[in-house]
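None of these values were measured; they are calculated from a predicted model.
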Amino acid sequence: MGDHSAVADLALGDNDLIKAVLADWRTAPVNEPLRAILAFLAKLTLSPSTVVEHDIQQLHDAGLTDEAIEAAIRVCFAFTIMDRLADALDFEIPADASTQKAARILFTAGYRIASVPG
């Protein structure tokens with residue numbers, strides 16, 4: 001996840017790649033560090049009590065830094081909470097254009113701009 005441009009391409013421009021990752025991140029054409037973090041985040045989300053130190057070592061072995069791992073965990077946490085709230089409150093899914101615009105703003109300015117101060 002250290003390659004900022006690869007993340008930008010995935011997040012903002014390559015719809016076919018995004019669809020492939022959403023369909024099955026295990027077979028999507030992504031680099032190994034990204035595949036490793038996606039595997040970790042799936043485990044963290046679906047069975048957090050099974051995460052052990054070895055899982056973090058595997059991420060380091062794939063070339064991820066502690067900072068990249070922490071950033072991925074923070075984003076995963078935020079989206080997990082948002083997803084649960086959206087399901088509980090029956091939020092509407094915004095149109096693709098709105099989603100793309102919001103993604104560009106968040107990617108450019110960072111998540112802090114969207115957070116509540118304090």
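- Using a distance-only test at 3.5 Å, with no hydrogens or angles considered, a donor-acceptor pair links the side chain of T65 to the main chain of A68.
- Scored by the side-chain hydrogen bond (donor to acceptor under 3.5 Å, both in side chains) test, Q57 finds D61 as partners (sequence neighbours excluded).
- Pairs passing the side chain to side chain donor-acceptor pair (under 3.5 Å) check and including a residue from residues 72-85, sequence neighbours excluded, read E70-R74.
- For A20, the side chain to side chain contact (heavy atoms under 4.5 Å, CB included) partners are A28, P29, not counting sequence neighbours.
- Nearest heavy atom pair, residue P33 against residue L64, reads O-CD1, 3.6 Å.
- Legend: residues meeting side-chain hydrogen bond (donor to acceptor under 3.5 Å, both in side chains) with D87, ordered by chain and number and at least two apart, are absent.
- The backbone N or O of A42 lies less than 3.5 Å from no partner atom in the side chain of T45, so there is not a single donor-acceptor pair.
- Residues passing the side chain to side chain contact (heavy atoms under 4.5 Å, CB included) test with E32, sequence neighbours excluded: R35.
- In this structure, the side-chain hydrogen bond (donor to acceptor under 3.5 Å, both in side chains) partners of D24, at least two apart in sequence or on a different chain, are R26.
- Rounded to the nearest 0.5 Å, atoms CD1 (I56) and CZ (F40) are 4.0 Å apart.
- Partners of S49 under the side chain to side chain contact (heavy atoms under 4.5 Å, CB included) rule, at least two apart in sequence or in another chain, do not exist in this structure.
- Side-chain contacts under 4.5 Å among hydrophobic residues (ILVMFWY), followed directly or transitively, place L89 together with F91.
- In this structure, the separation between SG on C76 and CD1 on I69 is 13.5 Å, given to the nearest 0.5 Å.
- For I81, the side chain to side chain contact (heavy atoms under 4.5 Å, CB included) criterion is met by F77, L85, not counting sequence neighbours.
- Residue V52 is found outside any hydrophobic cluster, as its side-chain heavy atoms come under 4.5 Å of no other Ile, Leu, Val, Met, Phe, Trp or Tyr.
- Legend: residues meeting side-chain hydrogen bond (donor to acceptor under 3.5 Å, both in side chains) with K101, ordered by chain and number and at least two apart, are absent.
- Of the options D16, L22, V21, a side-chain contact (heavy atoms from CB on, under 4.5 Å) to I18 is made by L22 and by none of the others.
- Between N31 atom CG and I37 atom CD1 the span is 11.5 Å, to the nearest 0.5 Å.
- For residues 38-54, the pairs satisfying salt bridge (Lys or Arg N to Asp or Glu O under 4.0 Å) are K43-D55, with sequence neighbours left out.
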